[in-house]
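For reference, the structure discussed in these notes is given below.
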Amino acid sequence: MTPRPRLLVLNQYYWPGVEATAYLLSELCDGLAADFDVTVVTGKLRDAPRPMRESRNGVEIVRVPSTSFDRATLLPRAINYSTFLAGAMSAALTTQPPDIVMCMTDPPMLGDVALFVARRFRAPLVIVSQDVFPEVAVQLGRLEHPALIGLLERMIAYYLRRADRVVAIGETMRVRLEAKGTPSNRIAVIQNWADTAAVTPQPRRGSWAKTHGLDSKFVVMHSGNIGQAQDLDTLVGATTLLRDLDDLAVLIVGGGSRLNELKTLARRTDADAVTFLPYQPRETLSESFSAADIHYVGLARGLAGYVVPSRVYGILAAGRPAIVSADAESETARLIQKIGCGFVVPPGRVDLVAETIRDARSGRYDLDAMGALGREYVARELDRTAAVHRYRELLFEVVANRRGSRSRREHARAS
C-alpha cells in the first residue's frame with residue numbers, strides 16, 4: 001500500500017483560537033486528516049494556554065513559544081510575527097520530512113519560511129492566500145514607509161512566484177495575485193466555507209436572544225473581527241441616524257485592534273443602540289447568528305480582492321440576510337447579489353446603511369426568504385465538505401506531480 005502523504009501546515013493561529021484563520025484551518029485540517037498525516041505548526045495562545053504538543057481529531061499540533069502581545073499597534077504585532085516566524089522555522093525543520101508543505105498567509109511573511117522548509121525537504125509548497133499583503137496595510141494607511149513597503153512586496157512576491165500552487169479565495173483575489181507576478185496556471189480558486197452541519201438556522205427569538213434581552217428588538221449584528229478593514233465606523237454612524245427606532249439593537253460581537261476605539265466612538269456619538277459583546281463560543285454560533293434580523297458585513301474602500309470577509313459564510317449558513325458595505329467588485333458583494341440574500345451599498349455610506357436598516361425593519365423586504373436563499377446556496381456550493389474535497393484533490397495532484405517529476409529525473413539519470 002502507498003503510505004499516507006505527510007502534510008506539514010504552518011499558520012500563526014489554530015484551534016481553539018477565535019481568529020478567522022484559526023476556525024478555517026482547524027476545520028480544513030480535521031477534514032484532511034482522513035487522507036493525510038497532518039502536522040500543524042502554530043503559535044502560542046494568549047488567553048487560553050494549551051500544551052506545546054497535542055493531538056486533536058487526528059491532527060498533530062505543535063505550538064511554538066512565540067509572544068502573544070495585544071495586536072492593536074504595529075510594534076507588538078511585529079514582535080509577535082518575528083517570534084512566531086523564528087519558532088515556526090525551527091519547529092518545521094525538526095519535524096518528520098513532509099511530502100507537502102502548506103501555509104496560510106498569517107502572518108504574510110510566513111510564506112518565505114514555508115518555502116525554505118519545502119526546499120529543505122524537497123517537498124512541494126501550497127500557499128493559501130487569505131489576504132494580499134502589503135496592499136491591505138497600505139490601503140488602510142497602516143504602512144506608509146516606501147522602503148519597507150518595497151521590501152515586503154519583494155518578500156511576498158518571492159514565494160508567490162515559486163510556490164507549486166497558490167489558492168485564492170475569490171476571483172477578484174486571483175486577479176490581484178496575478179498582478180503580483182503569481183503564474184496564472186498555478187493559481188486555484190477555492191472559496192472559504194461554512195460548516196452547515198454545525199451552523200444551522202435557529203429561531204430568531206431563541207434562548208440566546210432572550211438571555212441578551214433581544215427578543216423584542218430589531219437586531220442588526222456584526223460578528224467577527226473588529227479591525228480597520230471591517231469599516232464598523234459606518235455601522236455606528238448609521239445608528240445615530242436611527243435614534244427614532246426605539247426597538248433597534250445593534251450588536252457588535254467579537255474583538256480586535258479597534259474594539260476600544262469603536263467603543264469610544266459609540267459613546268462620543270451617543271449611539272445608545274450599540275452594544276458590544278465578546279466572541280461567542282463555537283457551540284453557540286447557530287443561536288447567536290440567528291438572533292439577528294440582519295447582519296452587517298463591512299469592507300473598507302479599496303480592499304476588494306485583497307480581503308474576503310469569511311464571516312459571511314456563517315451568516316448564510318444560519319439563514320440570515322446581510323447588508324454588505326463594500327466595493328461592488330468585491331467577492332462578498334458579488335456573492336450577495338448573485339444569491340439575492342441581502343443588500344449591497346458602497347463603503348462608508350452612513351446614510352445608505354441607515355436607510356437600508358430602516359427599510360428592512362419596516363417590513364418592506366421578506367428577510368426570512370432572503371435568508372433561506374443564502375442557506376440553500378451555501379449548503380449546496382460552499383459547505384465545508386465540498387471545500388475539503390477541493391483541497392484534498394489539489395494536494396493529491398501536487399504530490400503526484402512532484403513524485404512523477406522525481407521519478408522521471410531518476411529514470412533519466414539511470415539511463
Taking side chain as C-beta onward, heavy atoms only, is Gln280 less than 4.5 Å from Trp208?
yes

Using only atom types and a distance under 3.5 Å, with no angle test, would you say the side chain of Ser82 pairs donor to acceptor with the backbone of Ile79?
no

Do any N or O atoms from the side chain of Arg162 and from the backbone of Tyr158 form a donor-acceptor pair under 3.5 angstrom?
yes

For Thr234 and Asp231, test the side chains for any donor-to-acceptor distance below 3.5 angstrom and give the result as yes or no.
yes

Tightest non-hydrogen contact, residues Ser129 and Asp131, listed as OG-O, 3.0 Å

Would you say the side chains of Asn192 and Gln130 form a donor-acceptor pair under 3.5 Å?
yes

Evaluate the side-chain proximity of Glu153 to Phe133: yes if any heavy-atom separation is below 4.5 Å, no if none is.
no

Show the numbers, then the answer: is there a side chain to side chain contact (heavy atoms under 4.5 Å, CB included) between Leu277 and Ile252?
CA-CA 6 Å; Leu277 293 175; Ile252 297 179; over 6 Å; no

Taking Asp383 for the side chain and Thr385 for the main chain, is one N or O donor matched with an acceptor at less than 3.5 Å?
yes

If I take atom CG from residue Leu395 and atom CD from residue Glu397, how far apart are they, to the nearest 0.5 angstrom?
10.0 Å

Kindly say whether Val38 contributes a backbone atom to a donor-acceptor pair with the side chain of Glu60 at under 3.5 angstrom?
no

Over all atoms of both residues, closest heavy-atom pair of Ser310 and Ala20
OG-CB, 3.4 Å

Would you call Asp37 and Arg4 a salt bridge, taking side-chain N to carboxylate O under 4.0 Å as the test?
yes

Donor-acceptor pair, distance only, cut-off 3.5 Å: does the side chain of Asp327 make one with the backbone of Ser330?
no

Would you check if Leu8 and Leu10 make a side-chain contact, meaning some heavy-atom pair closer than 4.5 Å?
yes

In Å, rounded to the nearest 0.5 Å, how long is the span from CD1 of Ile339 to CD of Glu381?
9.0 Å

The reported gap from CZ in Arg165 to OH in Tyr391 (rounded to nearest 0.5 angstrom) is 13.5 Å

Test side chain to side chain donor-acceptor pair (under 3.5 Å) on Trp15 and Glu27 and set out the steps.
CA-CA 9 Å; Trp15 173 88; Glu27 291 182 345; over 6 Å; no

State plainly whether the residues Glu135 and Lys180 are in salt-bridge range, i.e. N to O under 4.0 Å.
yes

Ile187 side chain near Glu178 side chain, heavy-atom distance below 4.5 Å
yes

Any salt bridge linking Glu171 with Arg334? Criterion: basic side-chain nitrogen under 4.0 Å from a carboxylate oxygen.
no

For Ala198, does its backbone N or O pair with a side-chain atom of Ser286 as donor and acceptor, under 3.5 Å?
yes

Would the distance check show the side chain of Thr284 and the main-chain N or O of Pro281 forming a donor-acceptor pair, the cut-off being under 3.5 Å?
yes

Just by modelled atom types, is the Asn11 backbone N or O under 3.5 Å from a matching donor or acceptor in the Thr42 side chain?
yes

Taken to the nearest 0.5 Å, the spacing of Ser90 OG from Leu85 CG works out to 12.5 Å

Note: Arg320 and Gln202 closest approach over all heavy atoms is NH2-O, 3.1 Å

All heavy atoms of Leu160 vs all of Pro183, minimum pair found to be O-CD, 4.0 Å

What do the steps show when you test Leu143 against Leu152 for side chain to side chain contact (heavy atoms under 4.5 Å, CB included), and what is the final call?
CA-CA 10 Å; Leu143 204 57; Leu152 292 171; 3.5 Å; yes

N-O pairing of Glu261 and Arg258 below 4.0 Å:
yes

Would the distance check show the side chain of His222 and the main-chain N or O of Asn225 forming a donor-acceptor pair, the cut-off being under 3.5 Å?
yes

Quick one: does Phe84's side chain get under 4.5 Å of Leu110's, heavy atoms only?
yes

Say whether, by atom type as modelled, one donor and one acceptor occur between the side chain of Thr264 and the main chain of Asn260 under 3.5 angstrom.
yes

Which atom of Ala300 lies closest to which atom of Leu140, heavy atoms considered
CB-CD2, 4.0 Å

Student check: side-chain heavy atoms of Met109 and Tyr159 closer than 4.5 Å:
no

Side chain to side chain contact (heavy atoms under 4.5 Å, CB included) between Leu352 and Phe343, worked out:
CA-CA 10 Å; Leu352 294 181; Phe343 312 90; over 6 Å; no

Validation row: Tyr14, Val59 side chains within 4.5 angstrom (heavy atoms)
yes

Looking at every heavy atom in both Val398 and Pro124, which two are closest together, and how far apart are they?
CG1-CB, 3.3 Å

Could you grab the distance from atom CD1 of Ile315 to atom CZ of Arg311, nearest 0.5 Å is fine?
6.5 Å

Are Phe116 and Leu93 side-chain neighbours, meaning at least one heavy-atom pair lies under 4.5 Å?
yes

Assess whether side chain to side chain contact (heavy atoms under 4.5 Å, CB included) is satisfied between Leu7 and Val399, documenting all intermediate values.
CA-CA 10 Å; Leu7 173 64; Val399 170; over 6 Å; no

Quick one: salt bridge (Lys or Arg N to Asp or Glu O under 4.0 Å) pairs with a partner in residues 183-204, sequence neighbours left out?
Asp195-Arg384, Arg204-Asp293

Set out, in order, the CA-CA distance, both residues' side-chain angles and the distance that settles ring-ring contact (aromatic ring centres under 6.0 Å, His included) for Tyr23 and Tyr13, then state yes or no.
CA-CA 9 Å; Tyr23 276 101; Tyr13 304 110; over 10 Å; no

State whether a side-chain donor-acceptor pair under 3.5 Å links Gln228 with Ser257.
no

Arg6 charged N/C atom sitting above Phe36 aromatic ring, 6.0 Å / 45°:
no

Roughly how far, to the nearest 0.5 Å, is the CG atom of Leu394 from the CZ atom of Arg390?
12.0 Å

